[in-house]
Each structure stands twice: as C-alpha cells, then as structure tokens.
Amino acid sequence: MRTTTYRRTGLLSLAATAAAGLVLAAPAQAAPLWPGGPDIPGVPSAVMPQPAPGDTPNSPNANAPVPPANFAAPNVSPGDGEVVGVAQPIIINFKEPVTDHETAEKAIRITSTNKVSGHFYWFGDKQVRWRPESFWPAGSQITVEAGGTHVAYEIGDEFIATADDSTHEITVTRNGEVVRVMPTSMGKPGHETPNGTYITSERNRKMIMDSSTYGVPVTDPEGYKLEVEYAVRMSNSGIFVHSAPWSVAQQGVSNASHGCLNVSPADAKWYFENVKKGDPVIVVNTQGGTLNAGDGYGDWN
C-alpha cells in the first residue's frame with residue numbers, strides 16, 4: 001500500500017506542476033526516450049548532406065534521399081547504356097522552364113566511379129549541363145538521377161584529335177598513345193577554323209553540305225552544294241572532319257576549306273570508324289579566334 005500511495009502522489013504532483021505552467025528539468029543522467037525512434041511532431045529531422053556531383057557511388061551520404069525536384073522527368077543525354085568520349089557533358093532538357101536553378105541543381109544526382117569535380121551551367125531555363133573541370137577519366141561509369149529520370153552510361157577510351165594549323169596535321173591519340181597522324185587542310189583566309197576544344201556529336205556516312213544553310217547562296221562564288229563522305233560533326237555551326245579528295249594536294253600544306261577539317265578518303269574512313277560521340281577535337285594555332293562557347297558543343301571554351 002505504501003508503494004501505491006507513493007506513485008499516486010507522484011502523478012498528482014506532476015499534474016499539479018503542469019497545470020501551474022512549470023517545466024520540470026530532466027535529470028542529468030536521464031537517457032533519451034526511444035533512441036532512433038520517430039521524430040517529434042513540429043521538430044525538423046536532421047537532413048543528410050547530399051554527395052557532391054561527381055562523387056563516387058559509395059561516397060559518404062551517397063544513399064541520402066534525393067531532394068524533391070521542382071521539374072517533371074526530363075530528357076537526359078547521354079542516354080542509358082551509351083559509351084561516350086571523355087569530353088561529353090551531361091545535358092538535361094526540361095519539359096517546362098525552370099526558374100529556380102538552385103533548387104533544380106540540388107535535385108540532380110550525378111555519380112562517377114572515378115571521382116571528379118565539376119559544375120552546372122544553364123542555357124536559358126529549359127536546359128542545364130554539367131561537366132567535370134577536366135576531361136572525364138576513361139572507363140568511368142556515370143549515373144544521373146533527375147526528377148524520376150535515371151540513366152547509366154560509360155566513358156570509353158580517351159580518344160583525342162589535335163588539329164595544328166602550324167603543321168597542317170591532325171594527331172590522334174588513344175589513351176595517351178599516338179595512333180594516327182593525318183594531313184589536313186583547314187579554313188582558308190576569310191573562313192579560318194576557330195581555335196578551341198570541340199566535341200564530336202554525330203557521324204554521317206554521306207551527307208550534303210550546302211553553303212546556303214549558313215547564309216552563302218550556292219550561286220555565290222564562295223557557295224557550294226556537294227555530297228561528302230565520312231563526315232563527323234564538330235560544331236553546330238557546321239564544322240566537320242570529312243573526306244575531301246579534291247583537296248588532297250593541299251592537305252598537310254595549306255588551307256583550302258570553308259572551316260572544316262579536310263582529310264583524305266582513307267584517313268576520313270579510319271577516323272569515322274574509330275571516333276565516338278563526345279570525343280574531343282582540339283584545334284590550335286589558327287587565325288580564326290576561338291570557338292563560341294554557345295555554339296552548342298563549345299562547352300570547353
């Protein structure tokens with residue numbers, strides 16, 4: 001009976017204290033209630049820090065929930081299962097304009113099996129891109145999660161073409177080893193090929209090149225419309241590496257093109273068969289200024 005009376009008295013005392021608006025301090029040695037248990041209503045739970053874009057899949061907090069997206073599932077390039085070159089940026093196209101860029105970036109998770117650091121950059125409100133500060137390491141496995149879209153792709157061999165106007169040659173390396181040197185003829189005076197790092201984006205076994213597409217009528221003395229073979233696009237503005245049997249005599253000697261990198265049919269075929277989307281073409285020592293970063297694939301400039 002003594003114990004029962006003591007407990008009832010204690011409860012009455014607590015109730016009286018609460019009614020008086022007083023707060024009892026917990027004993028210093030008291031353990032927290034329900035360690036790891038449910039959150040207390042009205043008290044925000046701790047937010048796990050997000051991994052930085054470019055972290056490895058097993059980096060600290062790699063499994064933290066991705067923050068809610070302020071956009072619908074977007075289109076992401078490269079696509080799932082692709083193998084691309086070391087210069088390829090991640091391109092995310094939104095269905096509707098996204099004005100809160102900061103919130104959108106937080107809802108995009110990018111991982112790489114070879115850790116890299118990089119940055120986002122926007123083209124208006126409907127496209128954001130991300131690339132590392134230097135070329136991707138060859139062999140990296142990349143994943144991108146954004147608003148319900150998930151892609152996983154691979155960075156292939158480091159395949160780099162360097163076109164030097166001082167030697168009129170294109171030197172191609174694979175993983176640091178020179179695998180081919182191709183004589184070339186680049187943009188002639190008035191049509192100089194801009195310097196810079198280009199990104200290959202498409203391959204065409206055959207295509208029609210038409211000067212009127214960039215404002216020069218076919219009837220103009222500088223105009224042309226002809227079929228070319230083994231054309232690899234370097235820029236949205238119409239610069240390609242392509243077969244040019246008509247300029248073989250100038251290749252390795254002088255410039256005769258309207259900006260493209262003319263090479264022999266054999267060299268064009270070899271390059272076409274070995275290059276992939278996202279491989280860089282680095283143009284140096286021309287009188288053509290620098291490729292516009294807004295060209296479409298001028299990301300490295």
Side-chain angles (χ1 to χ4, degrees), residues 85-89 131 133-136 138 157-203 209 211 214 216 221-222 224 226 228-301:
V86 297
Q88 178 65 40
R131 71 161 177 83
E133 302 303 336
S134 302
F135 291 156
W136 295 97
D157 286 344
E158 183 191 70
F159 189 80
I160 301 176
T162 302
D164 190 338
D165 200 28
S166 66
T167 61
H168 302 290
E169 290 180 336
I170 302 173
T171 302
V172 183
T173 62
R174 179 181 281 116
N175 298 326
E177 178 183 352
V178 175
V179 292
R180 198 171 185 99
V181 177
M182 306 183 298
T184 188
S185 180
M186 291 195 270
K188 60 188 176 182
H191 299 276
E192 293 89 348
T193 308
N195 296 282
T197 299
Y198 296 70
I199 303 170
T200 56
S201 58
E202 66 180 57
R203 300 184 307 157
M209 289 193 170
S211 64
Y214 64 90
V216 179
E222 287 292 320
Y224 56 86
L226 71 163
V228 300
E229 294 188 290
Y230 303 113
V232 177
R233 180 182 290 274
M234 298 164 47
S235 77
N236 276 8
S237 56
I239 301 176
F240 291 78
V241 180
H242 67 80
S243 173
W246 58 85
S247 71
V248 168
Q250 284 79 38
Q251 292 165 23
V253 179
S254 61
N255 291 327
S257 83
H258 287 81
C260 290
L261 276 58
N262 288 359
V263 294
S264 71
D267 283 337
K269 182 176 185 292
W270 178 88
Y271 187 69
F272 177 89
E273 292 174 346
N274 284 273
V275 73
K276 58 190 173 296
K277 170 184 170 180
D279 284 333
V281 180
I282 303 172
V283 176
V284 298
N285 296 322
T286 79
Q287 300 299 311
T290 302
L291 176 67
N292 189 329
D295 177 86
Y297 287 94
D299 301 62
W300 294 92
N301 302 303

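By convention here, the first residue in the shown sequence is residue 1.
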Practice problem: Without swapping roles, check the side chain of T193 against the backbone of G187 for a donor-acceptor pair under 3.5 Å. | Solution: yes

Exercise. Show your reasoning for whether side-chain contact (heavy atoms from CB on, under 4.5 Å) applies to H168 and V253.
Key: CA-CA 6 Å; H168 302 290; V253 179; 5.7 Å; no

Exercise. Might you point out which heavy atoms bring G288 and N195 nearest each other, and give the distance in Å?
Key: N-ND2, 4.3 Å

Quiz prompt | Donor-acceptor contact below 3.5 Å, side chain H191 vs main chain G259 | solution = no

Self-check item: Heavy-atom check, side chain of T171 versus side chain of D164, under 4.5 Å
Solution: no

Quiz prompt | Nearest heavy-atom neighbours spanning V228 and A231 | solution = CG2-CB, 4.1 Å

Exercise. Show the numbers, then the answer: is there a side-chain contact (heavy atoms from CB on, under 4.5 Å) between M209 and H258?
Key: CA-CA 11 Å; M209 289 193 170; H258 287 81; over 6 Å; no

Practice problem: Quick one: pull up CD1 in I199 and NZ in K277 and give me the separation to the nearest 0.5 Å. | Solution: 10.5 Å

Quiz item: Between CG of N175 and CD of E158, what distance do you get to the nearest 0.5 Å?
Solution: 6.0 Å

Quiz item: Where is the tightest heavy-atom contact between D165 and N285, given as atom of each residue plus distance?
Solution: CB-O, 3.2 Å

Quiz prompt | Check: Q251 side chain, A244 main-chain N or O, donor-acceptor pair, under 3.5 Å | solution = yes

Quiz item: Closest approach of P194 and V283, non-hydrogen atoms and distance?
Solution: O-CG1, 3.5 Å

Quiz item: Got a sec: does the CD of E133 have more than 12 other heavy atoms crowding it under 6.0 Å?
Solution: yes

Self-check item: Any M182 side-chain heavy atom under 4.5 Å of L261 side chain
Solution: no

Practice problem: Identify the residue among Y198, W136, F135 that makes a ring-ring contact (aromatic ring centres under 6.0 Å, His included) with W300. | Solution: F135

Practice problem: Check for a donor-acceptor pair, side chain of T200 on one end and backbone N or O of D279 on the other, with a separation under 3.5 Å. | Solution: yes

Practice problem: State whether the side chain of S257 and the backbone N or O of M186 hold a donor-acceptor pair below 3.5 Å, judged by distance alone. | Solution: yes

Quiz item: Ignoring hydrogens and geometry, is there a side-chain-to-backbone donor-acceptor pair from K276 to D157 under 3.5 Å?
Solution: yes

Quiz item: Is a side-chain N or O of R174 found less than 3.5 angstrom from the main chain of V179, in a donor-acceptor match?
Solution: no

Quiz item: Within the side chain of S247, is there an N or O that forms a donor-acceptor pair under 3.5 Å with the backbone of Q250?
Solution: no

Quiz prompt | Minimal non-hydrogen separation, E192 against Q287, with atom names | solution = CB-C, 3.9 Å

Quiz item: Which is it for R180 and N274 under the side-chain contact (heavy atoms from CB on, under 4.5 Å) test, yes or no, and what are the steps along the way?
Solution: CA-CA 11 Å; R180 198 171 185 99; N274 284 273; over 6 Å; no

Quiz item: Which distance, rounded to the nearest 0.5 Å, do you find between the CD1 of I170 and the CG of D267?
Solution: 8.0 Å

Quiz item: Hey, does the side chain of S185 reach the backbone of N262 with a donor-acceptor pair shorter than 3.5 angstrom?
Solution: no

Quiz item: Does D295 use its side chain to pair, donor to acceptor, with the backbone of N292 at less than 3.5 Å?
Solution: no

Quiz item: G196 and N301: which non-hydrogen atoms are nearest, and at how many Å?
Solution: CA-OD1, 3.4 Å

Quiz item: In Å, rounded to the nearest 0.5 Å, how long is the span from CZ of R203 to OH of Y271?
Solution: 10.5 Å

Quiz item: How are the rings of F272 and Y230 set relative to one another: parallel (under 30°), tilted (30 to 60°) or perpendicular (over 60°)?
Solution: perpendicular

